[in-house]
Protein chains: 2
Amino acid sequence: MPDTAAGRRRSLLHETRCGNCSLSSLCLPLALELEDIDQFDAIIRRRAPLKKGESLFRQGGAFTSVYAVRSGSLKQVTSEGSGADQLTNFYLPSELVGLDGIDEDAYPGSVIALETTTVCEIPFDRLDALSERLPKLRTQLYRSMSKEMRDDRRMMRLLSRKTADQRLATFFASLSDRFRRRGYSPYSFRLSMSRADIGNYLGLAVETVSRILGRFQQQGLVAVSGREVNILDLDALIELAEEEGCH
Amino acid sequence: MPDTAAGRRRSLLHETRCGNCSLSSLCLPLALELEDIDQFDAIIRRRAPLKKGESLFRQGGAFTSVYAVRSGSLKQVTSEGSGADQLTNFYLPSELVGLDGIDEDAYPGSVIALETTTVCEIPFDRLDALSERLPKLRTQLYRSMSKEMRDDRRMMRLLSRKTADQRLATFFASLSDRFRRRGYSPYSFRLSMSRADIGNYLGLAVETVSRILGRFQQQGLVAVSGREVNILDLDALIELAEEEGCH
DNA sequence: CGAAGTATTGACCAGATTCAACTCGCGTGG
DNA sequence: CCACGCGAGTTGAATCTGGTCAATACTTCG
């Protein structure tokens, strides 16, 4: 009876087993043996799906868990001092959220769902304990953090050296690549974030995002209609993204 | 006979013991018990001091170790594609260098001494193994990485939201704070990096750095003479750094 | 269907870059 | 010891990219 509460719960539980998760080749337990995966699986907690706009946690909240995105997408927003927020990251399925809260035992930003989103909650103390026994898990955790640091550096480079056009081009190329890795079309996808989010993330005004998108369209690089994106010339986008300041 | 090779080596070895290192309260082993510190100490390798301009490791080099800065300072430089380098970080004593190389098993940037600099080399495989037995060390390692992620986010905010004045103000306030924590004067110090380095780091042209430094001087915020800095009004600097875009 | 939020477009403005000239400080070698 | 030369730093003028403000269209959702 899949429609009883118990039936639904079972199917949800079943659904969250890492062993049969389609993301297992990208996610934290990627290096684990079958039996180890079960151990890992055991510490994971299900969360009810988040609806668009709901927050996974709020800035300043006590750090307890990291989260693996299972479906949907989220944004991380940090508001410092009195003023404007800074959008520091978008998270897609298989990515790990909350690692920057370990130090200071508090989340340094709020993380908000951009659409209906499900996540796996991984209590950090249990993850840490398990990582003591599973060197591969530990390694993977180090790798995840290290990767995030590398991505951050790339973002700094984008923010301090690239023109608005290059930022947008980089953004689309990167999204395309992330979708490809997850088995989706790298050429055709739907943006879950608003133009304002994109601008905030890339350090640009909304108007600039809009204008450049228009230009890209004229140049035949992409076809954009609302949040629906078709990438027409990925190579050109990538080239534009990498292009060096011509002296 | 402190002048024999053996004597010198002994004194150097002695010098590098974590137990009597003045930085131990800031550095990686900060949470360890005395006996644990000795274990940690045992895996550390001395390195000959780096002279100004020498590199600790080069971008793309195989990742083997992380390094704790003991004295002096370094910069991390990433050159992507064909063109301009990006200076992604300055490292001061007690800070950990190279953590972003774990993922990909290669250093994502070159790290270069800005002055005569000594570091402690910590082979990562041994650190990882030791962290299996010492939960506090593991925690500290997670914390270090987490902190670096947080700092990166702050940098992104600086690069995407702050004006040139605010960037410089933030830079000086942050340096001041880092010196204070290390027991040096927060008001008077010597910059080990060039104006070009500062500009590169903050995403500004050298000329802009120079001009704004001049303005700060006129406003009585700092007194700068070459690389010698005196901070005259730290509070004003901090306020300027935090100031919000006034709508 | 209407209202509020989201996106686009245009005109104008300003902060920062670029280019170029010039000065200063420092180390080297004559 | 001083002159020289080079790199680092400063200053000025012109330019330009992207931001701001304002008006207008499009969507999405109650």
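Every chain is numbered from 1, with letters handed out A, B, ... down the list of sequences.
What separates CD1 of Ile212(A) from C1' of dT17(D) is a distance of 10 Å, to the nearest Å. Atom CZ in Arg195(B) sits roughly 12 Å away from atom P in dA8(D) (whole-Å rounding). Look at CZ on Phe216(A): it is 17 Å from C1' on dA7(C), rounded to the nearest Å. Atom CZ of Arg215(A) and atom C1' of dA7(C) are 17 Å apart (whole Å). Taking atom CZ of residue Arg211(A) and atom P of nucleotide dT17(D), one finds them 13 Å apart after rounding to whole Å. Across the protein-nucleic acid pair, Leu158(B) atom CG and dA16(C) atom P stand 12 Å apart, rounded to whole Å.
Closest approach to the Ser210(A) side chain among dG18(D), dT8(C), dA16(C) is made by dT8(C) (side chain taken as heavy atoms from C-beta onward). Comparing dT18(C), dG19(D), dG9(D) against the side chain of Thr208(A) picks out dG19(D) as the nearest. When the nucleotides dT10(D), dT11(D), dC21(D) are ranked by their closest atom to the side chain of Glu207(B), dT11(D) comes out on top. Closest to the side chain of Arg227(A), from the set dT10(D), dT20(D), dT6(C), is dT6(C).
Between the side chains of Gln76(B) and Ser110(B), no donor-acceptor pair is found at a separation under 3.5 Å.
Salt bridge Arg215(B)/Asp165(B): present, at least one basic N to carboxylate O contact under 4.0 Å. Salt bridge absent: Glu95(A) and Arg70(A) never bring a charged side-chain N and a carboxylate O closer than 4.0 Å.
At a threshold of 4.0 angstrom between heavy atoms, the contacts of Gly199(B) with the nucleic acid are absent. Within 4.0 Å (heavy atoms only), Leu213(B) reaches no atom of the nucleic acid at all.
Note: Asp233(B) CG to Glu239(B) CD = 9.0 Å, rounded to the nearest 0.5 Å.
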